[in-house]
Amino acid sequence: MRLIKDIHSDKELLGKPTISFEFFPFKTPEGEVRFFEETLPSLMGSRPDYASVTYGAGGSTREKTFEIVAKIQGDFGLPTIAHLTCVKHTIDEINSILDDAKKLGVRNILALRGDPPLGEDWSMTDGGFEYASDLVSYIKAQGDFGIAVAGFPEGHIDCKDGKKVDWQYLIKKIKCGADMVITQMFFDNSDYFQLADFLKEAGVNIPLLPGIIPVDNTSQIKKFSAMCGAKLPKKFTTRLEELGDDLDGVREFGIEHATLQCQELLDRGAPGLHFYTLNKSKAVSSVLSNLNLA
Ligand code: FAD
C-alpha cells in the first residue's frame, strides 16, 4: 500500500487536490455491516485518495483501528492512515503495536498525543511518551512508516500561551519526521490561512490538510466545538439557531457552508480536503458533488 506523502506528490504534479475521509471504529456489529456495505461503498464513488481511522481514548475499539485499516486497504484498495495515541501506552506497547501494524500492511500512521478518557485529565503514562513529537520521533526511527500529525488552526485548547506557541510545537513535530499535517475542524478559513502562512514563513513545506466537517446536527456540533476549542462564528450559530428543529434545513445549511469553505480553501491553494465523515456518506458526497469533485 502506498505512502500518503507519495499520493500527495503525485496529485500536486497533476495540479489536483487530494480527497480523504476520516472514519471511527464502529461500536456494534450492525455498525460494521452498515459501514462496509453502505457508507464506504457509497463514498468510494467519490474516488477518494485515502482514508484514516481514529484511535479510541481507551477500551475495546482501540484494537479495532488497525484491523479496520487493514480491511479497508484489503477489500477496497484504499490507502488508509491508522491514528495512534500515547494515551495509556508504554513504549514497549507502542513497539508491539507498530510491529503488528507492519504485519497487517499498515504503512501510514497519524501520530497523536491523544485525549484522555472522558472525565480524566491528561497525564503521561509511566514508560510512555509525553508529547506527539516523542511518538513521531519513535515511529520515524522504525523507518517504514509515513507519518502525519495533527495541527490546530486556532491553537490547541490546552495551550494557554496562545496559538503561535502551539504552532511552534507543531513545527517541532514536523521536524521530528512528519510528512503531512491534518488540521482540527474549523469554520473560519482565515484560521487555516494564518497557520498555512506561519508554516510557510518558517520554511515548512509539507501538505497542510484542512479538516472539514459538514454540520448536520446543531447540538452535536456545539458539543464537538466546545470539546476541541474550534470556534463557531456568530453568523454560523445565528443561522443554526434560526433553523432550530428544521433538521433538513440544518443539513442543507451544513452542506452549503462546507461547500463554500472548501471552494475557497482550494482556490487559495489548500493541497486537498480531509472530511470528518462521522461514518456517514450523504453530506460529504453532496459537498464533493457541489465542488465537481465527486
Ligand atoms: P501534542 O502535539 O503533543 O500537543 C498536546 C499539547 O501539548 C498542546 O497543547 C501543545 O501545545 C502542547 N505541547 C506540545 N509539545 C510540547 C512541548 N514540547 N512542551 C510543552 N508543550 C507542548 N484523539 C484521539 O484520542 N484519537 C484520535 O484518533 C484522534 N484523531 C485526531 C485527528 C486529528 C486530525 C486531530 C486534529 C485531532 C485528533 N485527536 C485524536 C485529538 C488529539 O489527540 C488531541 O487534540 C490531543 O489533545 C492533542 O494531540 P496532539 O497530537 O496534537 O498533541
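Along the sequence shown, residues are numbered consecutively beginning with 1. Everything numeric in this text was worked out from a predicted model, so none of it was measured. Values reported hereafter were calculated over all heavy atoms of this structure, with side chains retained and with hydrogens, waters and symmetry mates removed. Just follow the structure's listing: the first ligand is 1, and inside any ligand the first atom is 1.
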Candidate pair Glu93 and Thr125, rule side-chain contact (heavy atoms from CB on, under 4.5 Å), full reasoning: CA-CA 11 Å; Glu93 283 166 1; Thr125 300; over 6 Å; no
Heavy-atom nearest neighbour in the protein, as seen from atom 26 (N) of ligand 1, with distance rounded to 0.1 Å: Tyr55 O, 2.7 Å
For atom 30 (N) of ligand 1, closest protein heavy-atom neighbour: His83 ND1, 3.0 Å
Nitrogen or oxygen of Ser133 less than 3.5 angstrom from that of ligand 1: no
Charged N-O contact under 4.0 Å between Asp216 and Lys282: no
Asp49 versus Thr18, side-chain donor and acceptor atoms under 3.5 Å: no
Ligand 1-proximal atoms of His156, by part, heavy-atom distance under 4.0 Å: side chain
Shortest protein contact, atom 12 (C) of ligand 1 (heavy atom only): Tyr169 CD1, 3.9 Å
Atom pair CZ (Phe35) and CZ (Phe23), whose distance is rounded to the nearest 0.5 Å: 4.0 Å
Nearest neighbour in protein (non-hydrogen) for atom 51 (O) of ligand 1: Arg113 N, 2.8 Å
Mode of Lys172 contact toward ligand 1 - side chain, backbone, both, neither (heavy atoms, under 4.0 Å): side chain
Plane angle bin for Phe66 and Tyr55 - parallel if under 30°, tilted between 30 and 60°, otherwise perpendicular: perpendicular
Under-4.0 Å heavy-atom contact with ligand 1, by part of Lys173 that carries it: side chain
Where ligand 1 meets Ile182 - atom numbers and elements under 4.0 angstrom, heavy-atom basis: 34 (C)
Asp158: numbered ligand 1 atoms lying under 4.0 Å from its heavy atoms: 9 (O)
Any donor-acceptor N or O pair under 3.5 Å, side chains Thr90, Asp92: no
Proximity winner for atom 33 (C) of ligand 1, if only heavy atoms of Tyr276, Phe186, Tyr131, Phe129 are counted: Tyr276
For atom 29 (C) of ligand 1, closest protein heavy-atom neighbour: Leu112 CD1, 3.4 Å
Residue portion contacting ligand 1 (non-hydrogen atoms closer than 4.0 Å) for Thr85: side chain
Crowding at NZ, Lys5 (>12 non-hydrogen neighbours, <6.0 Å): no
Side-chain ion pair, Arg239 and Glu242, N-O less than 4.0 Å: yes
Atoms in ligand 1 flagged as close to Cys159, the criterion being non-hydrogen separation under 4.0 Å: 9 (O), 11 (O)
Where ligand 1 meets Thr54 - atom numbers and elements under 4.0 angstrom, heavy-atom basis: 28 (O)
Phe24 to ligand 1, any heavy atom closer than 4.0 Å: no
Heavy-atom nearest neighbour in the protein, as seen from atom 3 (O) of ligand 1, with distance rounded to 0.1 Å: Ala132 N, 2.8 Å
Derivation and outcome, salt bridge (Lys or Arg N to Asp or Glu O under 4.0 Å), residues Arg251 and Asp248: CA-CA 5 Å; Arg251 267 182 225 119; Asp248 287 341; 2.9 Å; yes
Part of Trp122 with heavy atoms under 4.0 Å of ligand 1, whether side chain, backbone, both or neither: neither
Atom 10 (C) of ligand 1 - nearest protein heavy atom and its distance: Asp166 OD1, 3.3 Å
Proximity to ligand 1 by part of Leu110, non-hydrogen separation under 4.0 Å: side chain
Protein heavy atom at shortest distance from atom 41 (C) of ligand 1: Asp115 OD2, 3.7 Å
Mutual orientation of the aromatic rings belonging to Tyr169 and Tyr131 [parallel < 30°, tilted 30-60°, perpendicular > 60°]: parallel
Euclidean distance, Phe275 CZ relative to Ile19 CD1, rounded to 0.5 Å: 6.0 Å
Between Ser219 and Asn217, a side-chain donor and acceptor under 3.5 Å: yes
Sub-4.0 Å atoms of ligand 1 with respect to non-hydrogen atoms of Gln184: 36 (C)
Donor + acceptor pair across side chains of Thr54, His83 (<3.5 Å): no
Under 3.5 Å: N/O of Gly114 near N/O of ligand 1: yes
Ring-face cation of Arg34 near Phe26 (centre distance under 6.0 Å, axis angle within 45°): no
